[in-house]
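The structure under discussion appears below in the form of structure tokens.
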Amino acid sequence: MSSDLLCGTHAAPVVTQLCRHAPLVHCITNDVVQNFTANVLLALGASPAMVVHADEAAQFAAIADALLINLGTLTRPQQQGMRAAIDSARAAGTPWTLDPVAVGALTLRTDFAHEILAQRPAAIRANASEILALAGVSLGGRGVDTTESAHHAREAAAVLARRSGAVVAVTGEVDYITDGERMLAVNGGTTMLTRVVGTGCALSAVVAACCALPGDRLENVATACWLMKRAGEQALAVAKGPGSFASALLDSLHAQAFGGHHAAH
């Protein structure tokens, strides 16, 4: 499947919608990244909420604009909360996004990911190894690290999109986003994004936020990827290392959303 390149001109209207709608994003995510994920959403004008108990998760998912399910530090009690939140979100028509962290490398989360795939996620954001495992092409990866290139996982992403009904984003040096029929590519970014914990998980939360927006979901999800890559490039220009890069990334995301810098890149 060939891919079309997403540019800033196409992304700009989606960024404007993200600021205007300020979606409330219910994040059931991993313990390592909650704070960073919340700050990324806030930088873009969205509203984060971290509600994890099964009873409250079901209640909150019904009133949120979007739901993120991230399997990073999965526990059996957390599985209960995730199932309850997904059921509630589906009943309310709330789009939910899956980040299948380390699927393929570990059995509990792999089985659980396949279980909840049947619940029709709006989007899936993952690295190449995770996408290949979810699509049933291969099992592997090194936990959160991919052992494959995003380009190698493009066709598996398209198969997974057709099977699940989700827009699938496989991220790497180039991000590929597909609904099974069309495919967009997002170039750019920086390897420094892999030196700060939580950037991929936070991107999945931005994907979830963009799934709550009107318009073409494929372009909305691709814009989430574009935002993170552009912000990473801008942050790298002023950062001295991973610590200052993390702070600069939040500033750059905020500038993308509110500073008028998203007209075209």
Side-chain angles (χ1 to χ4, degrees), residues 26-38 40 50 52 57 67-83 85-86 96-119 121-157 159-161 163-164 166-178 189 191-208 221 224-225 228 242 246:
H26 179 189
C27 303
I28 305 182
T29 189
N30 74 71
D31 296 340
V32 182
V33 304
Q34 287 189 16
N35 182 71
F36 188 72
T37 296
V40 164
M50 312 290 172
V52 296
L67 170 66
L68 170 66
I69 299 294
N70 175 302
L71 306 187
T73 51
L74 188 66
T75 63
R76 292 200 182 276
Q78 194 181 56
Q79 284 180 311
Q80 296 176 347
M82 289 175 172
R83 290 187 184 101
I86 292 168
W96 72 277
T97 293
L98 173 63
D99 186 339
V101 179
V103 160
L106 297 165
T107 304
L108 175 69
R109 67 190 59 227
T110 301
D111 291 345
F112 183 65
H114 283 292
E115 172 196 326
I116 61 177
L117 264 181
Q119 302 300 313
I124 301 166
R125 202 292 310 171
N127 67 36
S129 292
E130 293 158 352
I131 292 297
L132 289 166
L134 269 185
V137 177
S138 69
L139 294 177
R142 297 190 308 149
V144 298
D145 296 329
T146 183
T147 57
E148 303 286 352
S149 70
H151 185 271
H152 182 67
R154 291 191 315 157
E155 294 305 321
V159 169
L160 182 61
R163 186 186 304 159
S164 66
V167 171
V168 176
V170 52
T171 54
E173 287 189 22
V174 178
D175 296 346
Y176 296 98
I177 303 93
T178 180
T191 56
M192 188 63 81
L193 285 164
T194 66
R195 297 291 179 260
V196 174
V197 68
T199 55
C201 296
L203 170 57
S204 295
V206 180
V207 166
V221 172
C225 297
M228 191 65 76

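Because only heavy atoms are used, hydrogens play no part in the values below, and waters and symmetry mates are left out as well, while side chains stay in.
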| said: Please find the pair of heavy atoms, one from V206 and one from A224, that lie closest to each other, and give the distance. | reply: CG1-CB, 3.7 Å

| note | Between L74 and F112, the two heavy atoms sitting closest are CD2-CD2, 4.0 Å

| request: Decide yes or no for E155 and V159: does some side-chain heavy atom of the first lie under 4.5 Å from some side-chain heavy atom of the second? | output: no

| remark: Between W96 and I116, the two heavy atoms sitting closest are CZ2-O, 3.4 Å

| remark: Correct closest heavy-atom pair for T110 and G104 would be OG1-N, 2.8 Å

| R154 CZ to Y176 OH distance, which is reported to the nearest 0.5 Å | 5.0 Å

| query | Considering residues at least two apart in sequence or located in another chain, which fulfil the side chain to side chain contact (heavy atoms under 4.5 Å, CB included) criterion with A156? | reply | I131, L132, A135, V137

| request: Could you pull out all residues at least two apart from Q119 that satisfy side-chain hydrogen bond (donor to acceptor under 3.5 Å, both in side chains)? | output: R90

| remark: Residue set satisfying side-chain hydrogen bond (donor to acceptor under 3.5 Å, both in side chains) with S204, at least two apart, ordered chain then number -> D99, R125

| query | Minimum heavy-atom separation for A113 to V103, with atom names? | reply | CB-CG2, 3.7 Å

| query | So, R109 side chain and G72 main chain: donor-acceptor pair closer than 3.5 Å or not? | reply | yes

| said: I'd like to check M228 versus T171 (side-chain heavy atoms, cut-off strictly below 4.5 Å). Are they in contact? | reply: no

| request: Can you see which heavy atom on V40 is nearest to which on A202, and at what distance? | output: CG2-CB, 3.8 Å

| Where the side chain of T178 meets the backbone of A157, is there a donor-acceptor pair that is under 3.5 Å apart? | no

Which atom pairs, one a donor and one an acceptor, fall under 3.5 Å between side chains of residues 26-35 and the rest of the protein, sequence neighbours left out?
residue : atom : partner : partner atom : Å
H26     : NE2  : V51     : O            : 2.8
T29     : OG1  : N70     : ND2          : 3.4
N30     : OD1  : V32     : N            : 2.9
N30     : OD1  : V33     : N            : 3.3
N30     : ND2  : N70     : OD1          : 3.2

| request: Mind running side chain to side chain contact (heavy atoms under 4.5 Å, CB included) on I124 and E130 for me, showing each step along the way? | output: CA-CA 10 Å; I124 301 166; E130 293 158 352; over 6 Å; no

| remark: By side-chain hydrogen bond (donor to acceptor under 3.5 Å, both in side chains), R83 pairs with (sequence neighbours left out) E115

